[in-house]
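The structure under discussion appears below in the form of structure tokens.
The figures here come from the full heavy-atom set of this structure, side chains too, leaving out hydrogens, waters and symmetry mates. The sequence lines fix the lettering, A, B, ..., with proteins before strands; numbering per chain opens at 1.
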Amino acid sequence: MTREEIIQNGTKVYSRPRLLNKNNMHYCPGCSHGVVHKLVAEIIDEMGLEHDAIGIAPVGCAVFAYNYIDIDWAEAAHGRAPALATAISRLRPDKVVFTYQGDGDLAAIGSAETIHACTRGENIVIIMINNGIYGMTGGQMSPCTLEGAKTATTPYGRRHDLNGFPLKVADVVSLLDGTCYVTRQAVHTPGAVRKAKAALKKAFKNAQEKKGTSFVEIVSTCNSGWKMSPEKSNKWMEENMFAHYPLGDLKDTTK
Amino acid sequence: MKAEVKLMKGNEAIARAAIRYGADGYFGYPITPQSEVLETLEAEMPWETTGMVVLQAESEVASINMVYGGAAAGKAVMTSSSSPGVSLMQEGISYLAASELPALIVNVMRGGPGLGTIQPSQADYFQATKGGGHGDYHIIVLAPSTVQEMADFVALGFDLAFKYRTPAMIMADGVVGQMMEKVVLPEQRPRRTNEQIARECPWALTGKPDSRKPNIITSLELDSAIMEKNNERFQETYRRIQENEVRYEERFTDDAEYLIVAFGSVARICLKAIEDARKKGIKVGLIRPITLWPFPYKEIARVAEHTKGILCVELNAGQMVEDVRLAVGDKVPVRHFGRMGGIVPAPQEVLDALEHDFHINSL
Amino acid sequence: MKDEIIIAGFGGQGVLSMGKILAYAALENDQEVTWMPSYGPEQRGGTANVTVILSDEPISSPVLSEYDTAVILNQQSLDKFESRVKPGGVLIYDPYDIHHAPTRTDIDVVAVPAMEATIAMGQAKAYNMILLGALLAKRPDVPVEAVVRGLKKALPERHHHLIPVNEQAIRKGMELVG
């Protein structure tokens, strides 16, 4: 059978999102980024925001996010995505602006920009992929690295007496008056992906309706950095990451 | 708002001129001696009139990155700070240059290094004219010497920034920032519409219409061959700027036996010294570089030909003097007179230095 | 006409605002003017000073080596600036708390008992305006009417009810000089 013969009217239940282009992704097999990119592309399309969404890419593994989703993007200096998003959102209130960052970019070098964008209640979406590691630079400790986790800069495991405790960013920003929606999701199972998509969609709606800052953390794996197979990474995430970063909404003032 | 004559500080002039230029946004962080820029803007509430966005950021780092975001959207955006704050902005300025984004940065310099002093200085000349941040780049640097120029250079800076898609800097010293003078503010210009921006800045982030591919504003290019091409394009822009945008003021040079080169408020102190020198029969002329980058090398070399010596006067340990030496080589002796740490020399000190350095026995 | 003026005293005595009102008066009078607060080598020892230049021509340096007119409000400033008044210039000072009076004979030295007059008026804020009045009497660079108009521009609106007191103080200062 040919491809066309297989795809009959009504039989196609899944396809590449229209706005996710065919560039080969540079992400490692098993990485959560691909799934979240797909969700963002779907949501922008479904909400009719193709002409109005502006994305801010970080420094880190998602630095090339702009190569994959066909909308306008700016690539920020390390940690500064919320500053760019603040300006664009204020200068173009007719647009929907989101940042797409990792936990190293957002929670370490970008902690000030994150906290102040959230406390000002900028009408933007902040997406944080939390895999507890600096993936791009070769697997060093990030603020969100769990205690005991071995990384390139904590070769014997993170110790709080040496390296401090893992930072719960979503908990911090949920305390700020400017955030309207703070949630922690994952994309390791089909069910989790559906929930994450609903959460992201809500966040984009909030930005569109000028309700304040929405912060969506996606607890993720980094099988390369963690030095585990994708399958084992998922299991390790469920057993260890979710214990420290439990999934669910931390705050929703829009209900 | 029609053009009008007012008395105001240089810092205030910057703020009011920005509103009248039709600037779209200002993002800044308080630091002495330039906080009046942000204070004036907040008091004027331009968001109620022209729609200009004014935001006090959490740091100079955030300010310059907000400028980066606004510039990426094709908007006329600016920030202002003083020396330590401008040091913090250097990474962002490098990104702006590499992403070929127009923006206006104001540095009302104070004495350094470090936290230094809040008094006037010109010690950031190297930083502004030789790059400042990492990588091979230049920004256009304008040095105002009057409150009027503080106002005028806002429009000039923005216009040049957009013409060449490069950051421009107004590099003032604390004297011009803090002193009051008469200034004629221009008529209010309308802010550009989003449609105009989409037309005039086809590279800007406007949300992707069906008619074009996505616009990506980035300074990242991992392919070295492409990155070298990018650099060649930047250098070509810098060459065009050097050819077309050199600005300077020349006074009393026709019969000058000695030449003073100075910029900013110091040029005015030197002008007074020159007036006093001429009363004593010493023929001195002045060249005041208005653009510190591009620097008026040729113009200084031309005037230097018929002089016996050049004195470069600066509020630093000797920075612009290196460019003056590059301009004239060893044809004419070049000396430097500088005060540091926030000290501003009086005209008599300049004249004393000139007479001493060139062994002039006045009549 | 060109008048290069230094006004010097302690911070808080109204030095900068006296200069500012003079500057606004010059603006009202269509003159060129620069107002340069306490920057420069003379800024040591906790004093505040301001250089105001009034001129019919464009002004070059806002920072000066010597002055046509000095208005001196304390001993430190007198010590610093007496020698820097040009020959034939004017030095106005308040003898209150001055232990070593000016000694120059080639300039016009004018003692204005402004502190005493302030106490007599019962208006502490009038002090600098009394001295400004004295300055206007000795150096009529700008008419008093322009100064009153300048006051309106220099003072924030919430202080406009103080304008009559200020004007009264300026006239008092003019009287003191005679």
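Distance CD1/B:Ile274 to OG/C:Ser61: 11.5 Å, rounded to 0.5 Å. Rounding to the nearest 0.5 Å places NZ of B:Lys182 at 13.0 Å from OH of C:Tyr24. In this structure, CE on B:Met180 lies 9.5 Å from CG on C:Leu27, to the nearest 0.5 angstrom.
In the displayed structure, C:Tyr96 atom OH is contacted under 6.0 Å by at most 12 heavy atoms of other residues, nucleotides or ligands. Counting non-hydrogen atoms of neighbouring residues, nucleotides and ligands closer than 6.0 angstrom, the NE2 atom of B:His356 reaches no more than 12 such neighbours. Atom CD of C:Glu116 has 12 or fewer heavy atoms from other residues, nucleotides or ligands within 6.0 Å. For B:Lys283, the NZ atom counts as loosely surrounded, since its 6.0 Å shell holds 12 or fewer non-hydrogen atoms of other residues, nucleotides or ligands. Environment of NZ in C:Lys152: sparse, with no more than 12 heavy atoms of neighbouring residues, nucleotides or ligands closer than 6.0 Å.
The shortest side-chain heavy-atom distance between C:Glu66 and B:Asp276 does not fall under the 4.5 Å cut-off. Looking only at side-chain heavy atoms (C-beta outward), C:Glu4 and B:Lys272 come within less than 4.5 Å of each other.
Between C:Pro62 and the options B:Arg268, B:Gln178, B:Glu181, a side-chain contact (heavy atoms from CB on, under 4.5 Å) holds for only B:Arg268.
Closest approach of C:Val63 to B:Pro347, counting heavy atoms only: O-CD, 3.2 Å. Closest approach of C:Ser65 and B:Gln348 over heavy atoms only: OG-N, 2.8 Å.
Proximity to chain B (any heavy atom under 4.5 Å) is restricted, for C:Gln31, to the backbone atoms N, CA, C and O.
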